[in-house]
There are 2 protein chains.
Amino acid sequence: MGTRLDIDLDRSSPVPLYFQVAEQIAEAIRRGDLTPGARLDNEILLADQLGLSRPTIRQAIQYLVDKGLLVRKRGVGTQVVHGQVKRSVELTSLYDDLRRAGQEPTTRVLSLRPVGADEAIAGVLGVAAGTEVLHLERVRYAGGEPLALLHNWLPAGAGLTSEALAARGLYELLRAAGVRMRVANQRIGARAATPAEARLLDERRGAPLLTMVRTTYDDQGRAVEHGSHVYRASHYSLEVTLIER
Amino acid sequence: MGTRLDIDLDRSSPVPLYFQVAEQIAEAIRRGDLTPGARLDNEILLADQLGLSRPTIRQAIQYLVDKGLLVRKRGVGTQVVHGQVKRSVELTSLYDDLRRAGQEPTTRVLSLRPVGADEAIAGVLGVAAGTEVLHLERVRYAGGEPLALLHNWLPAGAGLTSEALAARGLYELLRAAGVRMRVANQRIGARAATPAEARLLDERRGAPLLTMVRTTYDDQGRAVEHGSHVYRASHYSLEVTLIER
DNA sequence: GACATCAGGATGTCCGGACAAAAACGCCGT
DNA sequence: ACGGCGTTTTTGTCCGGACATCCTGATGTC
């Protein structure tokens, strides 16, 4: 039944076999070799064709099911999901999003200095009140227009400089510094622009702004970054994809 | 090392063993028996204690890692994640959220009738333009105050009545009708209230509103619901948790 | 012809074992 | 006292098999 996939495995590679399989199936879907609704061969047959065991195949398929690319149904089989589920959502920053959209974002750093954490900031970052944390204030531009006003607080000032921040995104710099971000909690709302915000963002006073307060945690659940951002609603919206397991 | 968990298994239950284990570990974390940072016994020991095999234990732990409750590190062990990662995000509706928050939501159905799908709606629902779809317009109240104006389009009018919608949430009704929602794509933005919206929501004209356009798909990737909603920004915000795998 | 029953096919769950790789620890020499 | 090396611990990956459960379609009966 199934479209005969040709998947080649490299057993000497450090990349796990299940991952090699998953990637090549995903690639076949992207390429269009596997069209939406197409049924994969059953797991046992697939395992046989590739010379792998069924658990390994299952692990590969499960990985793609979690990503929303495949759908399994007991007694029926495994199919490529119908409809284009825009794959997105990873832990990205505004900068990443803009870059991917082909825009050329620029950044103006308004402020970059250590401050004593007040009660609220200390609470979310999980440090004692009064501890020195790095406070960061930036304006992000895209296409020559101001887009967002970004406030961030970070526990350990990991060697961030104004120059680096002007050229690259915060998340990119943190990742390069070896920080492994894993969980982010975001609260999204809206409110009217204050006069100061309106001036910085080239909007009328009282214009609707999209607000996002986010705290990002690493592997260990330690807060690595806390941000309070406002976006020009007329120029930006957020996209989120949820997958129920 | 680990705090001795007592987990009891029911092998005659139809609930999978790995799920029984996962639930009881999660419960121990919620209860505080397992504090953040606490190390679990290693997988082999755990399997031995419970009389299960290692793969089963691994499946249980993996489930909790995916949910963001545990963290695994090779050579180290499995720990309860530090910091409270507010668990949320499943595919819920505004109604569910309010109920969980202890509020008593009410709904006024403004309109409930079949309409011919225009180009845009037909596109997102995956039907031919002009096909009859159910259009639904509601105002949601909480604590006696209007909170949101909800517009929805559904492909097959699955026996929805005004009475049912006044008493329960749309998602609840769909689930009860056997619809299995799995993926949702949301775009979140903000804009100023139109005069009509301001009147319905008891806001001033031009007040900032949070907007959300969502399309929900089932197992097969078929669209089951499309909604365009506006929320009073002064009374509501959205919370989203992202977990990177 | 319609409904109930049965068989086949597929995924779901679970077991037991084996080796690899990464991280932490202790030992030892300098 | 310090640094390097090997050992131990623990999770990561992979195998092969067994039975359960669910869905679908065909068969058979009324």
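A, B, ... follow the sequence lines: proteins, then strands. Residue 1 opens every chain.
- Applying the salt bridge (charged side-chain N to carboxylate O under 4.0 Å, His left out) test to B:R113 and every residue at least two apart in sequence or in another chain returns nothing.
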Assess whether side chain to side chain donor-acceptor pair (under 3.5 Å) is satisfied between B:T107 and B:R140, documenting all intermediate values. CA-CA 5 Å; B:T107 307; B:R140 175 68 39 83; 2.9 Å; yes

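- Within residues 51-61 of chain A, the residues that have a heavy atom under 4.0 Å from DNA chain C are, in order of number, A:R54, A:R58.
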Nucleotides 22-24 of chain C: which of its N/O atoms have a protein N/O under 3.5 Å away?
residue	atom	partner	partner atom	Å
C:dA23	O4'	B:R74	O	3.4

Under the side chain to side chain contact (heavy atoms under 4.5 Å, CB included) criterion, do A:T78 and A:L64 qualify, and how do the steps go? CA-CA 11 Å; A:T78 306; A:L64 295 175; over 6 Å; no

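- With sequence neighbours left out, the side-chain contact (heavy atoms from CB on, under 4.5 Å) criterion links B:A47 to B:I57.
- Taking the six-membered ring for Trp and thresholds of 30 and 60 degrees, A:H151 and A:H135 have nearly parallel ring planes, at less than 30 degrees apart.
- In this structure, the CD1 atom of B:I44 is 12 Å from the C1' atom of C:dC19, given to the nearest Å.
- Rounded to whole angstrom, the span from the CG atom of A:D41 across to the C1' atom of C:dT11 amounts to 14 Å.
- For DNA chain D, the contact window with chain A, defined by any atom under 4.0 Å from a protein heavy atom, covers D:dT13 to D:dC23 in 5' to 3' order.
- Scanning for salt bridge (charged side-chain N to carboxylate O under 4.0 Å, His left out) contacts around B:E27 gives B:R30, with sequence neighbours left out.
- Summarising the geometry, the separation between CG on B:L9 and C1' on C:dT13 is reported as 14 Å, rounded to the nearest angstrom.
- When side chains are defined from C-beta on, A:Q20 counts as touching A:D10, because their heavy atoms get closer than 4.5 Å.
- No donor-acceptor distance shorter than 3.5 angstrom exists from the side chain of B:E137 to the backbone of B:S111, with no hydrogens or angles considered.
- The side-chain heavy atoms of B:P55 and B:Y18, taken from C-beta on, include no pair separated by under 4.5 Å.
- Formation of a donor-acceptor pair under 3.5 Å by the A:Q24 side chain with backbone atoms of A:D8 is found in this model.
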